[in-house]
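Written below as structure tokens is the structure these notes are about.
Everything quoted here is computed from the prediction, not taken from an experiment.
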Amino acid sequence: MAVPEKPILYSYFRSSCSWRVRIALALKGIDYDIIPINLIKDGGQQLAIIEYLEETRPTPIRLLPQDPKKRASVRMISDIIASGIQPLQNLSVLKKMGQETQLTWARAVINSGFGALEHVLQSTAGKYCVGDEISMADICLVPQVANAERFKVDFSPYPTISRINKTLLTMEAFQVSHPSRQPDTPPELRA
């Protein structure tokens, strides 16, 4: 059997999408090369990769549970974050808002999404977003919490989100994939 080529990830250090993929690669133990791209320049490019990784490399860790109900919950939580919250606070949207309203807009969007997410997690969470197995939902959560922290969102209404995020940040995959540890991270933002 031929050894698959080492994958290349085109990544921007602060991109939530790139961070989610870096976490998935780390959890699956996939060695990869990184080519930094600048999402601020020319609009950038992004790809949906995590489901592809799950389909082609389901081990050593599954990012989608075998149980259909849990798998649906993982996809629902991932969708709330990746489609419902994160795009509305992207740089392209914030630029249209104007400098004076960006912070207020971002906080309102995140708080609205986190309110819904907290409610869902109260019925699905165990140690992680869906039970006690790490999943794609957890991969989506951590970058979004970091964005919320950047916009100085008050986390007191979101104890489940906060607890899960704190647990995930102790894991090596989430640490090595962190934006502050990427090759294109500006020196002043490095860990």
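Using the six-membered ring where Trp is involved, W19 and H178 have ring planes that are perpendicular, over 60° apart on the 30 and 60° scheme.
Between I23 and M171, every side-chain heavy-atom pair lies at or beyond the 4.5 Å cut-off. Annotation: side chain of P159 is in contact with side chain of E118 (closest heavy-atom distance under 4.5 Å). In this structure, Q182 and R190 have side chains that are not in contact, with every pair of non-hydrogen atoms separated by 4.5 Å or more. Side-chain contact between Q102 and F151: absent, with no pair of heavy atoms (C-beta onward) separated by less than 4.5 Å. In this structure the side chain of I164 reaches within 4.5 angstrom of the side chain of C129, judged on heavy atoms. In this structure the side chain of P60 reaches within 4.5 angstrom of the side chain of K28, judged on heavy atoms. Between L117 and L141 the shortest side-chain heavy-atom distance falls below 4.5 Å. Side-chain contact between R107 and K152: present, with at least one pair of heavy atoms (C-beta onward) separated by less than 4.5 Å.
Separating the OG atom in S11 from the CD1 atom in I37 is a distance of 7.0 Å, to the nearest 0.5 Å. Taken to the nearest 0.5 Å, the CG atom of L27 stands 10.5 Å off from the CD atom of E54. To the nearest 0.5 Å, the span separating OG on S180 from CZ on F13 amounts to 10.0 Å. A distance of 14.5 Å separates CG in L121 from OH in Y128, rounded to the nearest 0.5 Å. To the nearest 0.5 Å, the span separating CZ on F155 from CZ on R163 amounts to 14.5 Å. Summarising the geometry, atom CD1 belonging to I34 is positioned 5.0 Å from atom CG belonging to L9; distances are rounded to the nearest 0.5 Å.
Minimum interatomic distance between Q175 and T170 (heavy atoms only, all atoms of both residues): NE2-O, 3.2 Å. Scanning both residues, C140 and I81, for their nearest heavy atoms gives O-CG2, 3.4 Å. Among all heavy-atom pairs drawn from P36 and D184, the shortest one is CB-CB, 3.5 Å. The minimum heavy-atom distance between V142 and L169, with the atom names listed, is CG1-CD2, 3.7 Å. Nearest heavy-atom pair, A24 versus I50, reported as atom, atom and distance to 0.1 Å: CB-CG1, 4.2 Å. The minimum heavy-atom distance between P143 and R20, with the atom names listed, is CG-CG, 3.8 Å.
Transitive grouping of hydrophobic side chains (ILVMFWY, heavy atoms separated by less than 4.5 Å) keeps V176 and Y32 in distinct clusters.
Annotation: Q122, atom CD; neighbour count of heavy atoms from other residues, nucleotides and ligands within 6.0 Å is above 12. For E100, the CD atom is densely surrounded, since the number of other residues' heavy atoms within 6.0 Å is greater than 12.
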Requested in this report: Could you walk me through whether R14 and R150 pass side chain to side chain contact (heavy atoms under 4.5 Å, CB included), step by step?
Outcome: CA-CA 11 Å; R14 196 178 259 170; R150 258 186 30 224; 3.1 Å; yes
**Report entry** side chain to side chain contact (heavy atoms under 4.5 Å, CB included) between F114 and Q144, worked out
**Finding:** CA-CA 10 Å; F114 273 11; Q144 183 53 59; 3.6 Å; yes
Query - Pair I61-I134, side chain to side chain contact (heavy atoms under 4.5 Å, CB included): steps then yes or no - result: CA-CA 8 Å; I61 185 171; I134 197 157; 2.8 Å; yes
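Using a 4.0 Å cut-off between a side-chain N of Lys or Arg and a carboxylate O of Asp or Glu, K127 and E133 do not qualify as a salt bridge. Note on R75 versus E51: salt bridge recorded, some NZ/NE/NH1/NH2 to OD/OE distance being below 4.0 Å.
The side chain to side chain contact (heavy atoms under 4.5 Å, CB included) with P7 is formed by just one residue from the set I30, V21, D33, I49; it is I30.
Looking only at distances, no side-chain donor or acceptor of W105 sits under 3.5 Å from a matching main-chain atom of V93. With hydrogens and angles ignored, the 3.5 Å screen pairs no side-chain donor or acceptor of R71 with any backbone N or O of L64. Formation of a donor-acceptor pair under 3.5 Å by the N111 side chain with backbone atoms of A108 is not found in this model. Between the side chain of S18 and the backbone N or O of S15 there is no donor-acceptor pair closer than 3.5 Å. Side-chain N or O atoms of T56 include one that pairs as donor or acceptor with a backbone N or O of Y52 at under 3.5 Å.
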